Amino acid sequence: MLAQQYTAFHQAIRENGIILSFSGFVSEKVMFSLGEVLRARMQQEETDTGIAKRVFSIFVEQAQNVIRYSANRIAKEPTPPLSAGMIIVGIEEGRFFVVCGNEVLRRDVPVLQGRLDLLAGMNAEELKAHYRVKLKEPPEEGSLGGSIGLIEIVRRASAPVEFDFQDVGADLSFFCLKAYI
Amino acid sequence: MDRILLEATDRSPKVDFDFAGGRFALEGEAYPEDAAAFFGPLLQGLKQHVQAQPAAAIRFDVALSYFNSSSAKALMNLFMVLEEAAAAGAAVAIGWHYQEGDDSLQEAGEDFSADFTHARFEMIETPA
């Protein structure tokens with residue numbers, strides 16, 4: 001029974017081309033270790049160095065967004081802050097993808113949506129120019145530098161990023177962002 | 001000012017800020033757990049140095065193989081101090097080291113170089 005139950009779970013992960021999947025509380029150390037595994041895996045598979053660097057870069061920005069902006073975040077000294085979320089890296093039709101998901105406050109959705117819509121509508125040159133402007137600006141209110149992280153993800157992706165929100169209860173919304181490399 | 005010498009870690013670069021010698025270097029990977037805590041003292045040190053010795057020549061070498069977006073912001077802050085010092089008359093040169101074939105880092109260097117008009121920004125390719 002037990003093996004059968006989890007075989008289905010294991011199988012579903014495999015069938016979706018997932019090479020790394022984490023769901024639960026993420027800390028900086030968890031992110032670092034997952035990144036180490038991801039890099040080792042790409043090295044073993046002899047992934048093109050340029051692609052491997054872009055996958056890693058998007059993975060880090062995505063994971064740090066979960067850590068910084070998950071609405072389900074526990075910061076209780078002396079333990080390091082823990083942020084609930086989901087990090088998935090996989091391969092679909094020969095292309096790597098990185099998906100992250102975490103809860104955000106419903107009232108923050110329009111701002112995030114607006115920011116992503118703006119980036120999604122930019123071409124490579126516009127993204128580059130926008131990135132440079134943001135690098136020089138003091139951080140936006142409530143931001144820990146994450147707006148630059150989103151630009152980085154959109155710039156490094158090889159196709160337009162996909163994103164979506166799903167309301168969870170009255171105050172929260174589940175935010176998902178998928179980037180192909 | 002006292003030299004800042006930090007060994008590289010798994011996720012932060014080797015740092016050598018030799019204020020007396022006017023030589024500064026960052027080398028390795030940069031995605032520290034807390035970018036503000038890591039880069040803050042470096043930015044403060046550089047600012048104080050430039051204020052105390054506005055005419056001193058500066059050589060700043062960056063040989064990072066990877067940096068995250070928080071570190072990119074910190075680099076920009078350091079570079080803005082260097083460009084201001086150069087605008088005020090100091091001889092400032094930045095060396096941007098990247099491995100041959102590393103398009104991301106080459107492009108990042110080219111992007112940063114566009115913000116310098118007074119300081120010299122050299123792109124230095126190292127063989128793969």
Side-chain angles (χ1 to χ4, degrees), chain A residues 26-36 38-39 48-65 67-68 75 80-81 119 124-125 127-140 143-158 181, chain B residues 8-13 28-40 43 62 64-84 87 96 98-117 119 121 125-128:
Chain A
V26 191
S27 65
E28 277 284 335
K29 286 195 169 60
V30 165
M31 190 273 293
F32 177 78
S33 300
L34 290 175
E36 226 177 6
L38 176 62
R39 275 177 154 176
D48 172 84
T49 337
I51 290 175
K53 285 193 101 163
R54 280 164 58 209
V55 171
F56 182 71
S57 172
I58 289 182
F59 163 82
V60 169
E61 301 302 333
Q62 288 254 57
Q64 288 191 321
N65 278 345
I67 293 169
R68 290 168 187 171
L119 297 179
E125 282 305 307
L127 280 168
K128 183 191 275 201
H130 187 60
Y131 182 74
R132 284 181 53 205
V133 168
K134 288 288 171 192
L135 273 190
K136 286 187 228 172
E137 269 179 10
E140 287 162 48
S143 164
L144 300 161
S147 57
I148 300 168
L150 286 180
I151 307 172
E152 187 76 35
I153 293 165
V154 175
R155 279 186 80 187
R156 300 256 170 258
S158 65
I181 295 96
Chain B
T9 71
D10 280 342
R11 50 192 299 186
S12 67
E29 292 200 311
Y31 58 122
E33 204 163 319
D34 184 343
F38 182 82
F39 285 103
L43 182 64
V62 182
L64 296 176
S65 51
Y66 167 70
F67 55 90
N68 69 347
S69 62
S70 308
S71 301
K73 181 140 190 122
L75 280 177
M76 182 58 101
N77 289 334
L78 289 166
F79 288 164
M80 288 198 291
V81 174
L82 294 175
E83 173 61 10
E84 278 167 28
W96 183 269
Y98 63 96
Q99 212 177 52
E100 184 187 347
D102 194 332
D103 298 340
S104 307
L105 278 170
Q106 183 177 355
E107 197 187 346
E110 285 162 0
D111 285 358
F112 278 124
S113 75
D115 288 302
F116 288 98
T117 49
F121 195 97
E125 189 179 86
T126 50

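Throughout, protein chains are lettered first and strands after them, A, B, ... in sequence-line order, and every chain is numbered starting at 1. This structure is a prediction, so every number in the text was calculated from the model and none was measured.
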Side chain, backbone, both or neither: which part of [X] has an atom under 4.5 Å from a heavy atom of chain A?
{"X": "L75(B)", "value": "neither"}
{"X": "D34(B)", "value": "neither"}
{"X": "D103(B)", "value": "neither"}
{"X": "A114(B)", "value": "both"}

In terms of heavy-atom contacts, I148(A) and S69(B) come closest through CG2-CB, 3.6 Å

Closest approach of Y131(A) to A72(B) (non-hydrogen atoms, all atoms of both residues): OH-CB, 3.4 Å

Please check: side-chain N/O of [X] versus main-chain N/O of [Y], any donor-acceptor pairing under 3.5 Å?
{"X": "K73(B)", "Y": "K134(A)", "answer": "yes"}
{"X": "K53(A)", "Y": "S65(B)", "answer": "yes"}
{"X": "E61(A)", "Y": "N68(B)", "answer": "no"}

side-chain contact (heavy atoms from CB on, under 4.5 Å) involving V154(A) - partner list, sequence neighbours excluded: L119(A), L127(A), V161(A)

Could I get the full list of ring pair (Phe, Tyr, Trp, His ring centres under 6.0 Å) partners for F116(B), not counting sequence neighbours? F79(B), F121(B)

Measure the OG-OH distance between S57(A) and Y31(B) for me, rounded to the nearest 0.5 Å. 11.0 Å

Strictly below 4.0 Å, N to O, side chains only: are R132(A) and D115(B) in salt-bridge contact? yes

K136(A) portion near chain B, given a 4.5 angstrom heavy-atom threshold: both

Do you know which of R11(B), M80(B), E107(B) has the most heavy-atom pairs with chain A at a distance under 4.5 angstrom? R11(B)

Would you sort out whether R155(A) and S104(B) count as a side chain to side chain donor-acceptor pair (under 3.5 Å), showing the intermediate values? CA-CA 11 Å; R155(A) 279 186 80 187; S104(B) 307; over 6 Å; no

